[in-house]
Amino acid sequence: MFFSHKIEDEKFILFSLFINNILNGKKEFSSKVDFVVKEAKALITGEKDYYSINRDNYPITVFLSRNADSFLQTINPDTLTDQDYKKLLEIIELQGSVNLA
């Protein structure tokens, strides 16, 4: 049987894998994750709008801006900690299509 599969699901899975790699010590993935966090925070604060955010990460950026606004307003995207990445992963897993277990 065939199941519906969306490109957005792949983006969320890849983003989660990047976060997991960061948490496992591979900090070279942090620039990709940090960029999305900066975009989402800029969307929340009004520095950017839906038309000016990066299109490659659009679904993740919008999801974070809508579901993690209170968290994103408390962090500095330039200095994310492992606790911040863990919280981001929890929030992304709320999306539902990410199941890495």
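We count residues from 1, following the sequence as given. Just so it is clear, the values below take in all heavy atoms, side chains as well, and ignore hydrogens, waters and symmetry mates.
For residues 34-93, the pairs satisfying ring-ring contact (aromatic ring centres under 6.0 Å, His included) are F12-F63, with sequence neighbours left out. Applying the salt bridge (Lys or Arg N to Asp or Glu O under 4.0 Å) rule to pairs touching residues 45-57 yields E39-K48, sequence neighbours excluded.
Contact of the N67 side chain with the L94 side chain is not registered, since no non-hydrogen atoms from C-beta on lie closer than 4.5 Å. Contact check for V37 versus L88: side-chain heavy atoms found under the 4.5 Å cut-off.
In terms of heavy-atom proximity, N54 sits nearest to N57 at OD1-N, 3.3 Å. Taking each heavy atom of S65 and A40 in turn, the nearest pair found is CB-O, 4.0 Å.
Note on L14 and I53: separate hydrophobic clusters, where clusters join Ile, Leu, Val, Met, Phe, Trp and Tyr whose side-chain heavy atoms are under 4.5 Å apart, directly or indirectly. Under the 4.5 Å side-chain heavy-atom criterion for ILVMFWY residues, a single connected hydrophobic cluster contains both V33 and I44. Following chains of ILVMFWY side-chain contacts shorter than 4.5 Å, one cannot reach L43 starting from L72, and the two form parts of different hydrophobic clusters.
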Pair up each side-chain donor or acceptor in residues 77-84 with any protein partner under 3.5 Å, not counting sequence neighbours, and list the distances.
unit_1: D78; atom_1: OD1; unit_2: K38; atom_2: NZ; d: 2.9
unit_1: T81; atom_1: OG1; unit_2: Q83; atom_2: N; d: 3.4
unit_1: T81; atom_1: OG1; unit_2: D84; atom_2: N; d: 3.2
unit_1: T81; atom_1: OG1; unit_2: D84; atom_2: OD2; d: 3.2
unit_1: D82; atom_1: OD1; unit_2: K27; atom_2: NZ; d: 3.0
unit_1: D84; atom_1: OD2; unit_2: T81; atom_2: N; d: 3.0

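The structure places CG of D69 at 11.5 Å from OG1 of T45, a figure rounded to the nearest 0.5 Å. We find the CD1-CG distance between I22 and L89 to be 10.0 Å, quoted to the nearest 0.5 Å.
Residues forming a side-chain contact (heavy atoms from CB on, under 4.5 Å) with K26 (at least two apart in sequence, or on another chain): N21, E28, F29. For K11, the side-chain contact (heavy atoms from CB on, under 4.5 Å) test picks out I7, P59, I60, with sequence neighbours left out.
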Handout entry: Worked verdict on L64 versus I92 for side-chain contact (heavy atoms from CB on, under 4.5 Å)
Key = CA-CA 8 Å; L64 287 175; I92 290 295; 3.9 Å; yes
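A donor-acceptor pair is defined here as one N or O able to donate and one able to accept, closer than 3.5 Å; such a pair exists between the side chain of K41 and the backbone of I75.
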